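Take a look at the structure set out below.
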Amino acid sequence: MSGSKTTSMSREQILEALKTPPPGGYYVWDGVDEDDRPATEEELRAGIALARSRGRPAGSDKTQIALRVDNSVLEAFRSTGKGWQTRMNEALKEWLKEHAA
């Protein structure tokens with residue numbers, strides 16, 4: 001048999017040991033490198049709140065649809081960079097104003 005045995009614990013024993021961290025946690029910051037500093041509870045909560053804020057805001061009056069447009073039209077809007085979908089929406093609203101029935 002090749003390799004070396006690194007522990008006498010079973011897989012189940014290892015998983016159970018990981019469920020109960022040692023006092024003080026698994027990581028102790030040495031206080032030297034600020035990049036290695038663990039995040040505080042406040043920083044973790046702020047990060048979670050920021051991650052949850054993605055997507056369409058509550059109360060939005062927009063609807064997601066599938067729309068087929070000519071490739072040249074799509075490429076023209078995409079070539080304008082980030083926010084091209086908003087600009088396309090603005091162009092459609094402008095067209096509606098000019099062509100109101």
Side-chain angles (χ1 to χ4, degrees):
M1 182 187 288
S2 64
S4 63
K5 193 169 187 175
T6 57
T7 183
S8 61
M9 296 173 70
S10 70
R11 181 178 188 278
E12 290 75 23
Q13 290 172 318
I14 293 171
L15 292 174
E16 189 59 37
L18 288 172
K19 289 179 184 177
T20 54
Y26 291 109
Y27 178 79
V28 178
W29 180 46
D30 60 8
V32 177
D33 189 358
E34 189 66 21
D35 290 338
D36 290 337
R37 179 182 60 80
T40 64
E41 284 290 324
E42 184 177 306
E43 291 169 332
L44 289 173
R45 285 194 179 107
I48 291 169
L50 183 62
R52 289 182 180 158
S53 68
R54 294 184 64 185
R56 184 69 28 219
S60 173
D61 65 342
K62 292 187 176 182
T63 303
Q64 182 175 348
I65 63 165
L67 175 69
R68 293 185 184 274
V69 296
D70 291 341
N71 287 333
S72 60
V73 172
L74 181 61
E75 287 180 24
F77 276 97
R78 281 185 172 169
S79 69
T80 62
K82 191 174 179 175
W84 66 269
Q85 292 168 319
T86 301
R87 287 187 290 281
M88 183 180 272
N89 188 54
E90 293 299 323
L92 288 168
K93 286 196 286 189
E94 186 177 316
W95 186 91
L96 282 174
K97 286 178 188 174
E98 294 174 3
H99 298 86

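Heads up: numbering here begins at 1 and tracks the sequence. Worth knowing before you read on, the calculation uses all heavy atoms, side chains too, and leaves out hydrogens, waters and symmetry mates. No experiment lies behind these values; they were computed from the predicted model shown.
In this structure, CD on Gln13 lies 7.5 Å from OG on Ser8, to the nearest 0.5 angstrom. The CG atom of Leu74 sits 9.5 Å away from the CG atom of Leu67 when rounded to the nearest 0.5 Å.
Listed by first and then second residue, the salt bridge (charged side-chain N to carboxylate O under 4.0 Å, His left out) pairs that reach into residues 30-40 are Glu34-Arg37, Arg37-Glu43, sequence neighbours excluded. For residues 86-95, every residue pair satisfying the salt bridge (charged side-chain N to carboxylate O under 4.0 Å, His left out) rule, not counting sequence neighbours, is listed here: Glu90-Lys93.
For Leu96, the side-chain contact (heavy atoms from CB on, under 4.5 Å) test picks out no residue, with sequence neighbours left out.
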Stepwise, does the salt bridge (charged side-chain N to carboxylate O under 4.0 Å, His left out) test hold for Glu42 with Arg45?
CA-CA 5 Å; Glu42 184 177 306; Arg45 285 194 179 107; over 6 Å; no

Walk me through it: do Lys62 and Asn89 pass the test side-chain contact (heavy atoms from CB on, under 4.5 Å)?
CA-CA 10 Å; Lys62 292 187 176 182; Asn89 188 54; 4.1 Å; yes

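Criterion: ILVMFWY side-chain heavy atoms under 4.5 Å apart, direct or through other members. Under it, Leu44 and Leu50 are not part of a common hydrophobic cluster. Under the 4.5 Å side-chain heavy-atom criterion for grouping Ile, Leu, Val, Met, Phe, Trp and Tyr, Leu15 is not connected to Met9 through any hydrophobic cluster. Linking ILVMFWY residues whenever their side-chain heavy atoms come closer than 4.5 Å, directly or via other members, leaves Trp95 and Met88 in distinct clusters.
Taking 4.5 Å as the limit, every side-chain heavy atom of Phe77 sits out of range of all side-chain heavy atoms of Val69.
Here Glu75 does not pair with Arg78 in a salt bridge; the nearest charged N to carboxylate O distance is not below 4.0 Å.
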